[in-house]
Amino acid sequence: MAVITVLIGLLMPSLTSVRETARRVVCASNVRQHGLGIAMYAADSGGFLPQSKYGNAARAGTYSPDRMTMLRTDDTPAAWDGLGVLYRLEYLEAPGVFYCPSHRGQARLADFASVWTSDSGAIESNYQFRGGIGIRLDSLQDEKAMVTDALRSQVDFSHQVGSNVLKGDFGVGWFNDPARQVSVGLPLDGRDSDAGPRVDQAWQAIDDALRYAP
């Protein structure tokens, strides 16, 4: 029995690593589907990205990059926002694609299961979109991040030591952050007064890493 216990103890870290690797693969697939949805939307919409009223081209006073995990913000059809527009217009049809299997924060698919089947209620993803109003596809920089793990708080950054990233050229890559600098720099709570600036700093750190990646 003691030998079996020791063997289990030795194997557990490896099994945990294998499971996390599998979850990263599913997450990368989700992010890739976001890219396909955005590209199809742009092709049908004069080259523009899905709009977000919280994004960097939004009207003054509404800029809240920390809220760009929202898919639907209230009870009206026009409330679909950002990546949520892709679902409303059926470019992406499965709710599960908006949720990372490694996520341990408050925005999980199970938390919104009943709302997805309803015509009312706010819905949040655990992926972060970086859009706005009036942003054209051809204005994107190839190595600038467009979608990644939620950045609203430290617990929402799903993989902690990095994240899958959809880039401006629609490639999907892994942002590696073993020192957890991005995670530590995020707000402890998404409702913190400085959440927006911290999310901006996280985007910049990811951009820098992508720009200088070998």
Side-chain angles (χ1 to χ4, degrees), residues 20 23-24 26-28 30-35 37-38 49-58 62-73 81-86 97-109 111-112 122-133 135 140-141 143-168 171-211 213:
E20 172 57 12
R23 289 192 290 261
R24 287 187 190 181
V26 174
C27 176
N30 289 347
V31 173
R32 190 168 288 107
Q33 290 184 67
H34 295 160
I38 291 170
L49 301 188
Q51 297 194 54
S52 173
K53 59 188 174 186
Y54 301 116
N56 60 347
T62 65
Y63 180 52
S64 300
D66 49 302
R67 298 203 67 191
M68 291 186 68
T69 55
M70 298 302 297
L71 301 176
R72 189 170 70 191
T73 58
D81 192 81
L83 295 177
V85 174
L86 303 178
V97 76
F98 298 102
Y99 299 93
C100 173
S102 288
H103 191 76
R104 296 296 180 268
Q106 297 181 350
R108 297 167 296 179
L109 178 58
D111 298 324
F112 297 95
I123 301 176
E124 187 174 359
S125 170
N126 52 52
Y127 289 103
Q128 194 91 20
F129 181 50
R130 193 187 200 178
I133 295 176
I135 297 180
L140 300 178
Q141 298 177 31
E143 295 302 319
K144 194 167 186 176
M146 184 165 38
V147 177
T148 192
D149 282 348
L151 301 170
R152 287 196 70 181
S153 70
Q154 293 182 14
V155 70
D156 285 319
F157 195 59
S158 300
H159 302 283
Q160 296 293 304
V161 295
S163 63
N164 288 299
V165 180
L166 175 67
K167 299 183 291 183
V172 175
W174 176 257
F175 158 66
N176 196 35
D177 186 24
R180 304 192 179 197
Q181 292 180 343
V182 166
S183 176
V184 170
L186 295 174
L188 291 174
D189 190 304
R191 294 168 295 185
D192 289 355
S193 60
D194 63 346
R198 288 196 178 202
V199 169
D200 277 338
Q201 290 172 7
W203 277 123
Q204 188 59 56
I206 293 171
D207 285 345
D208 290 344
L210 295 175
R211 186 179 300 114

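Just so it is clear, the values below take in all heavy atoms, side chains as well, and ignore hydrogens, waters and symmetry mates.
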Legend entry - Identified side-chain contact (heavy atoms from CB on, under 4.5 Å) partner of Val165 from the options Asp207, Val172, Thr148: Thr148
Inset, instruction - Please identify each residue that fulfils salt bridge (charged side-chain N to carboxylate O under 4.0 Å, His left out) with Arg67, with sequence neighbours left out. - result: none
Legend entry - Residues that Arg198 engages under salt bridge (charged side-chain N to carboxylate O under 4.0 Å, His left out), provided they are two or more places apart: Asp194
Legend entry - Sidechain-backbone polar pair: Arg130 side chain, Ala145 backbone, donor-acceptor under 3.5 Å: yes
Inset, instruction - State, without any angle test, whether Asp200 and Gln204 hold a side-chain donor-acceptor pair at a distance under 3.5 Å. - result: no
Inset, instruction - Identify, with sequence neighbours excluded, every residue that meets side-chain contact (heavy atoms from CB on, under 4.5 Å) alongside Leu140. - result: Leu49, Ile135, Leu137, Met146
Inset, instruction - Return each pair, listed once, that meets salt bridge (Lys or Arg N to Asp or Glu O under 4.0 Å) where at least one residue sits in residues 174-184; pairs must be two or more places apart or across chains. - result: none
Inset, instruction - Would you please name every residue forming a side chain to side chain donor-acceptor pair (under 3.5 Å) with Gln160, sequence neighbours left out? - result: Ser183
Inset, instruction - Using modelled atom types only, decide if a donor and an acceptor are shared between the side chain of Gln154 and the backbone of Val184 within a distance under 3.5 Å. - result: yes
Inset, instruction - Could you list the residues that satisfy side chain to side chain donor-acceptor pair (under 3.5 Å) with Glu124, not counting sequence neighbours? - result: Thr69, Arg152
Inset, instruction - Applying salt bridge (charged side-chain N to carboxylate O under 4.0 Å, His left out), name anything that partners Arg104, two or more places apart in sequence or on another chain. - result: none
Legend entry - With sequence neighbours excluded, residues passing side chain to side chain donor-acceptor pair (under 3.5 Å) with Asp66: none
Inset, instruction - Go through the structure and list residues passing side chain to side chain donor-acceptor pair (under 3.5 Å) with Asn126, not counting sequence neighbours. - result: none
Inset, instruction - Specify the closest pair of heavy atoms between Phe98 and Leu83, including all atoms of both residues, with the distance to one decimal. - result: CE2-O, 3.6 Å
Legend entry - For Asp111, salt bridge (charged side-chain N to carboxylate O under 4.0 Å, His left out) partners two or more places apart: Arg108
Inset, instruction - With sequence neighbours excluded, tell me which residues meet ring-ring contact (aromatic ring centres under 6.0 Å, His included) with Tyr127. - result: His34
Legend entry - His159: ring-ring contact (aromatic ring centres under 6.0 Å, His included) partners, not counting sequence neighbours: Trp174
